[in-house]
Structures are given as C-alpha cells and as structure tokens.
There are 2 protein chains.
Amino acid sequence: MSETRPSSIREIADRLGVSTATVSNALRGKGRVSPALALQIRAEAETLGYVPDHAARALRTGKSNTIGLLVPNIGQPLFPAFAQAIERAAKQRGLAVLIGDSEGDPAQQDFEIRNMIARGVDALIIIPTRGTTVMPKSFSVPVAIIDSAATAGNIAASDHREGGRKVARHLIELGHDKLLVLAGPENSLVARERVEGMCEIFVSAGIQPTLKYSDATLEAGSVLGRELDLGRFTACAAAYDALAIGFALAVRDRGYSIPQDISLTGFDDLMWAQIVSPPLTTVRQDLEAVAIHALSFVTGEADASRIFPTDLVVRQSTARPSAFSQGDKNAE
Amino acid sequence: MSETRPSSIREIADRLGVSTATVSNALRGKGRVSPALALQIRAEAETLGYVPDHAARALRTGKSNTIGLLVPNIGQPLFPAFAQAIERAAKQRGLAVLIGDSEGDPAQQDFEIRNMIARGVDALIIIPTRGTTVMPKSFSVPVAIIDSAATAGNIAASDHREGGRKVARHLIELGHDKLLVLAGPENSLVARERVEGMCEIFVSAGIQPTLKYSDATLEAGSVLGRELDLGRFTACAAAYDALAIGFALAVRDRGYSIPQDISLTGFDDLMWAQIVSPPLTTVRQDLEAVAIHALSFVTGEADASRIFPTDLVVRQSTARPSAFSQGDKNAE
DNA sequence: CTGTTAGCGCTTTCAC
DNA sequence: GTGAAAGCGCTAACAG
C-alpha cells in the first residue's frame with residue numbers, strides 16, 4: 001500500500017549502469033546527454049515513479065521554488081481573492097505558495113516574515129497589516145509589498161485615490177452637496193488615499209465634507225449610522241463596503257431609505273455589495289492584475305512599481321437627492 | 001544591506017572551536033552539552049543572526065514541518081475560514097502551510113496532491129472538490145479528508161445531517177407543511193446529507209417536500225426563485241446560504257415577502273446571512289473544531305474520525321405561516 | 001560531555 | 001557524451 005523509500009536518482013543510475021550526474025542531466029534536459037540514453041533514463045524514471053526530492057534540490061541549488069504570501073487576515077473578504085490570484089499565477093510558474101496570516105497583529109507579521117525566510121522561500125509577497133511598515137530592502141529575498149501608492153516600497157496597488165475621485169465625481173454629478181465621508185481607520189494608507197481622492201473633488205466643487213474615522217467593519221458602520229445626524233447629509237461615501245453596509249443597515253432601522261433619503265457608496269465591490277438592498281454603488285479593484293504584477297516583480301519578470309486603475313460600479317444605492325427629503329433643500 | 005551568505009552551524013562551530021555536532025545539540029537542546037558551552041553557543045548564534053537552513057534539515061531528517069492544505073476554491077466563502085483555522089493551529093505546532101486551490105477541478109486536485117507530496121509535505125489536509133473521491137490510504141503521507149460523514153475516509157466533518165434535521169424541526173414547529181427544498185448539487189455528499197436530514201424529519205411528520213437540485217450559487221438560487229410556483233409552499237429550506245440568498249433576492253423582486261409569504265432557511269451561516277434582509281435563519285458549523293481535529297489527526301495527536309455538532313441560528317427569515325398568505329391555507 | 005564521521009539526494013565543475 | 005567527486009547544511013551514530 002504505502003511505498004517504501006521513494007526512488008532516487010541513484011537508483012535509476014544503478015539500474016542503468018550510468019552515473020547520477022547523467023541521470024540528473026537527462027531528467028532536466030540540461031547537460032549534454034545522447035538522445036537515446038536520455039530516453040532510456042526517462043523511461044526508467046517513469047516506471048520507477050521517480051519524484052525528485054525537493055529538499056535535496058533546494059539544499060543544493062539554494063532555491064526552493066516556493067514563495068511566501070502574507071496577508072493581514074485571510075478570513076476577511078478580499079484577501080482570499082488575492083490569495084487565489086497569486087496562487088494561480090504561482091502555480092503557472094511552478095512555484096508553490098506558503099501562506100501566512102498576520103491576524104492583524106504587527107508582531108505576528110514580523111514573526112511570519114522571519115519564519116518564511118528561514119523556511120527558504122525564494123520571495124515574499126506581503127499585504128501589510130494596518131499601521132505597519134515593511135522595508136523590503138532589509139530582507140535577503142525579493143519582497144513585493146501590496147498596499148497603496150503612498151506606501152514606501154509599494155510594488156503593486158490599485159489606484160485608490162483615483163477610485164475616490166470617481167466616487168466623488170459620481171456623487172457631484174448627481175447633485176449632492178452635503179457629504180458625509182466614512183473614512184475608515186486613520187492609520188490605513190489605503191483608506192487615506194481613498195478619502196483624499198474623494199475630498200480633492202469635493203473641495204474643488206466647493207463642498208466641505210464631514211469626515212468620520214472608525215474601524216473598517218460592519219459594526220463600526222452601524223454605530224455611525226445609528227448615531228449621526230442624518231438630516232445634515234444628502235450622501236454618504238464610505239471607504240469600505242463593510243462600512244457602507246453596516247451604515248445602511250443602521251440607517252434603515254431608523255426609517256431612512258437609500259437612496260431616497262441619502263445616497264450611499266462603498267469601496268471594494270465585495271460579493272456583499274450585490275446582495276444588500278439596495279445593491280451598492282462601489283469601486284472595484286482589479287485584484288488579479290495587482291496579484292500578477294506583484295508576483296512578476298519578485299520573480300524578476302517586472303522591475304517597476306505599478307498602480308492599477310479601478311472601476312466605479314454604479315448600482316442602486318445612489319440617486320439624485322430628492323428636493324424634499326431633509327431639513328435643508330438647497331439641492332437641485 | 002543584503003546579507004552575504006547566511007551563517008551556518010559550521011561558522012559558529014569554527015568561531016568557538018567546537019564541532020558542528022555540539023553546536024547542533026546545543027541549539028536544539030537535544031544531546032548532552034555542558035550548560036556553559038550551550039550558553040556560549042547560543043550567544044554566538046544570536047550575534048551571528050544564525051537561522052537554521054530549512055532545506056538541509058528537511059533533507060537530513062526527512063521531515064519538512066510543512067503541511068499541505070488543499071481547498072476546492074479559496075475564493076468561495078467558508079474556505080478562507082477553514083484555512084485560517086488550520087493555519088493558526090499549524091503555526092502553533094511549528095508547522096507551515098502550503099496552500100493549494102483545486103479551482104473546482106478534479107484534475108487540478110490530483111495534480112496538487114502529487115505536487116505537494118513531491119514537495120515533501122509531512123501531511124495533507126484535503127477538502128475534496130465536489131464529486132471527487134480521495135483515497136487517503138494510497139498516499140505516502142498522512143491525509144485528512146474534511147467532507148461529510150458519508151465520505152469514504154472522512155476524518156473531520158460537521159454533522160450536516162443533524163443540521164438538516166434541526167432546520168426541519170424548526171420549520172415544522174412553526175407550523176409549516178408545504179416545503180420546498182433547494183437541494184444543491186446532486187453530486188455533493190455534504191448537500192445530500194443536509195437534505196436527507198431535512199427530509200427525514202419532514203417525512204416522519206407526514207410531509208412530502210419538493211426537491212430542486214442546482215448549483216450551490218447565488219445565481220442558481222435566483223433562477224429557482226424566479227421560476228418556481230411559490231404559491232405552493234409555505235417555506236423553503238436551502239442546502240446553502242448562497243442558494244437561499246439568491247432565492248430571497250428573486251422572490252422579493254416578484255413581490256413576495258419573507259417570512260410573511262414564505263419562510264426561508266439557509267445553511268453555513270456565512271457573513272452574508274446576517275446582512276441580507278431579513279437576516280437569514282441558518283445552520284452554523286464549528287469550523288475551528290473541524291480544522292483542529294483534521295490537523296490533530298495528521299499529526300498523530302488524534303486517531304479517529306470525528307463529526308462535530310452544528311447550531312441552528314434562528315433569525316428573521318422564518319416565522320409561522322400566515323393563514324391568509326397563499327392559495328391553500330391549511331396551516332394553523 | 002564533546003568530537004568524528006557519515007551521509008540525506010541532488011547538482012555541478014571538471015576530467016576523461 | 002559521460003563519469004567521478006565534491007559538497008549544499010544539517011543531524012544521528014558512535015567514539016573518545
């Protein structure tokens with residue numbers, strides 16, 4: 001049932017009366033081996049069910065053909081999509097992926113980085129946990145940071161700022177002028193870029209939005225939706241879908257409706273955005289492109305940092321402000 | 001900036017004029033080394049920033065301290081939660097996790113299994129992709145299958161059947177008697193167990209539910225919700241949350257309301273279940289427990305297959321059937 | 001207690 | 001074209 005010891009290159013060599021070097025060459029098509037012999041060797045390898053020993057090869061060559069992927073929290077939406085894209089791209093290049101989860105903890109992130117390097121990964125792709133800075137230069141393997149354009153050493157990211165601008169333009173075109181911005185965590189560079197993009201447009205349209213900082217969670221969104229004076233706003237732009245959805249839930253409980261009483265936008269286009277009611281207007285990132293570029297960078301196929309465009313996805317949570325909805329009615 | 005060659009056990013040995021064996025012993029606290037020397041060695045290792053070479057150790061000991069985790073589709077909800085639980089448990093044991101995604105494709109699943117074994121994982125945890133059977137005995141490393149109690153070789157699973165029973169009892173207690181069951185894919189053992197559990201209770205209450213098979217997706221649920229003759233049912237029990245939510249969306253578009261016109265239940269307790277309106281009554285699995293048991297099994301800490309209980313989570317999508325809602329009104 | 005000696009399975013000069 | 005030999009860095013026997 002279970003094999004004894006898996007057969008080695010030596011076994012093949014002995015059975016064919018050749019040297020291990022020749023077998024190695026034949027199997028990898030590297031050094032010069034006569035076609036006839038090579039064929040014979042490959043056949044023998046086949047029948048023996050030979051599988052190269054990964055550890056031995058790694059020890060000898062110094063390459064493990066393994067990359068490390070470090071995410072802040074694989075349980076949170078969005079990160080699995082990244083992981084999948086990276087895994088797929090890695091597999092295609094014959095690389096395996098060692099996964100690490102920082103669980104939002106900078107200390108664990110540190111530990112994981114060290115651990116993965118110690119395990120001999122050839123490269124590291126890191127999505128830094130909020131509020132941390134990773135210096136790629138300080139490691140002995142290539143490291144790609146996926147975060148925001150503003151992050152030091154960032155290699156691949158979506159254009160969060162432009163995404164924010166798109167949201168803001170959309171809202172302004174609809175005629176909104178009393179803006180609430182759910183800005184997310186103050187220490188998140190991604191959130192900051194999104195918010196700055198929004199504010200840039202709002203301000204240049206003569207609007208001074210109200211900013212509220214909080215965690216990027218459903219719960220935080222609910223708290224804000226429950227406590228804020230909604231009459232003061234015609235629209236709310238959130239830096240995260242989760243925040244927007246939490247907000248929507250709370251606001252609905254208070255008897256307000258979206259988008260009639262207040263328009264709402266999110267950011268990320270999670271699966272959730274499509275199933276809440278009303279479906280959420282939000283911004284979609286091209287995670288696949290970001291993932292592939294990060295991987296290409298660490299494998300040396302690409303050599304520059306890149307920022308990828310985002311798309312505004314307009315759904316039913318945004319509409320023109322209704323003239324008679326709230327206290328002030330300067331709209332229209 | 002970047003290191004030259006990382007320092008080896010030999011370097012420490014030379015600098016201290018001892019043998020590599022002694023250094024190895026001291027560093028791992030294994031063989032007998034005088035406390036004083038051990039201390040000195042550890043200090044030197046520290047200042048040199050010594051990190052053991054993983055490949056060399058793996059080659060020598062035949063253990064990589066790495067396990068492989070193979071999931072059907074990491075992009076789908078639920079699997080990330082598993083992955084996180086397993087990663088956490090693995091880390092705690094000093095194991096790293098190599099992740100593989102079958103992308104729902106049996107051929108890729110096969111490939112991944114082989115690949116991971118070739119890469120020298122010490123064990124494999126596999127959540128089989130729908131419609132496939134994995135024979136743990138046929139591999140050279142310990143393998144834990146996470147699927148359903150009915151799966152050959154299953155090592156850890158939730159009690160899907162009992163979960164199905166809980167849903168059915170809940171619906172019957174509320175007074176429902178015209179049942180629609182969204183049964184999910186016919187070739188899924190998990191779905192089958194859930195549905196069988198439901199039917200068991202329904203039938204013994206004298207009710208013959210209507211079964212509809214489909215993919216386990218939101219879209220499939222929507223299609224069913226759009227096409228079925230809803231007047232014939234007082235309640236709908238879905239084998240997956242995604243199915244239930246898709247169904248809810250379609251049904252709402254047709255002007256029916258949940259739970260007034262029809263009660264609805266899901267299965268899995270995805271994050272979604274809490275944010276749809278109305279929040280979904282569903283069944284929650286203890287993924288953490290399942291994950292830990294699977295890992296314990298492959299590490300030899302546990303030696304038997306185990307099935308874990310599930311919880312019915314009652315929310316607002318289920319209620320007593322209203323007497324005047326549909327065509328027939330035998331309820332109450 | 002500590003050192004010597006063998007390799008683990010593979011790749012890589014370097015001879016032949 | 002092919003083979004011999006030398007390790008990669010580590011650990012496990014076995015001596016001393």
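Naming: A, B, ... by sequence-line order, numbering from 1 per chain. Side-chain atoms are counted along with the backbone in the values below, which use heavy atoms only and exclude waters and symmetry mates.
- Rounding to whole angstrom units, CD of residue B/E11 and P of D/dC8 are separated by 13 Å.
- Side-chain atoms of A/N73 and B/Q84 include a donor-acceptor pair closer than 3.5 Å.
- Going from atom CG of B/L16 over to atom C1' of C/dT2 covers 13 Å, rounded to whole Å.
- Contact check for A/Q109 versus A/L70: side-chain heavy atoms found under the 4.5 Å cut-off.
- In the model, B/S19 has a side-chain atom that pairs as donor or acceptor with a side-chain atom of B/T22 under 3.5 Å.
- An OP1 or OP2 oxygen of D/dG3 is reached within less than 4.0 angstrom by a side-chain nitrogen or oxygen of A/T22.
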So B/E46 and B/R42, salt bridge (charged side-chain N to carboxylate O under 4.0 Å, His left out) or not? Walk me through it. CA-CA 6 Å; B/E46 180 74 20; B/R42 272 193 278 271; over 6 Å; no
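- Classified by interplanar angle (parallel below 30°, tilted 30° to 60°, perpendicular above 60°), the ring pair B/F79/B/F82 is parallel.
- Using a 4.0 Å heavy-atom distance criterion, B/G120 is classed as making no nucleic acid contact.
- Side-chain contact between A/I86 and A/I67: present, with at least one pair of heavy atoms (C-beta onward) separated by less than 4.5 Å.
- Between the CG atom of B/L39 and the P atom of C/dC1 there is a distance of 15 Å, rounded to whole Å.
- Counting heavy atoms from C-beta outward, A/R93 and A/L295 have side chains that approach closer than 4.5 Å.
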Using the 3.5 Å cut-off, write out each protein N or O paired with an N or O of nucleotides 14-16 of chain C and the distance between them.
none

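- Taking the C1' atoms of five terminal pairs at each end of the helix from C/dC1-D/dG16 to C/dC16-D/dG1, the two resulting helix axes are inclined by 40°, rounded to 10°.
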Kindly give the atom pairs (protein nitrogen or oxygen, nucleotide nitrogen or oxygen) under 3.5 Å for nucleotides 9-13 of chain D.
from	atom 1	to	atom 2	distance (Å)
D/dG9	OP1	B/R5	NH1	3.4
D/dG9	N2	B/A56	O	3.3
D/dC10	OP1	B/Y50	OH	2.5
D/dC10	OP1	B/D53	N	3.1
D/dC10	OP2	B/I9	N	2.5
D/dT11	OP1	B/R57	NE	2.7
D/dT11	OP1	B/R57	NH2	3.2
D/dT11	OP2	B/S24	OG	2.8
D/dT11	O2	B/R60	NH1	2.2
D/dA12	O4'	B/R60	NH2	3.4

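- Counting heavy atoms from C-beta outward, B/I12 and B/S7 have side chains that stay 4.5 Å or more apart.
- Inter-residue side-chain proximity for B/V23 and B/Y50 is flagged as unmet; no heavy-atom pair is nearer than 4.5 Å.
- You'll find the side chain of A/P136 reaches within 4.5 Å of the side chain of A/I145, heavy atoms only.
- Taking atom CZ on B/R119 and atom P on C/dG9, their separation rounds to 19 Å, with Å as the unit.
- Between the side chains of B/R119 and A/T66, at least one donor-acceptor pair of N or O atoms lies under 3.5 Å.
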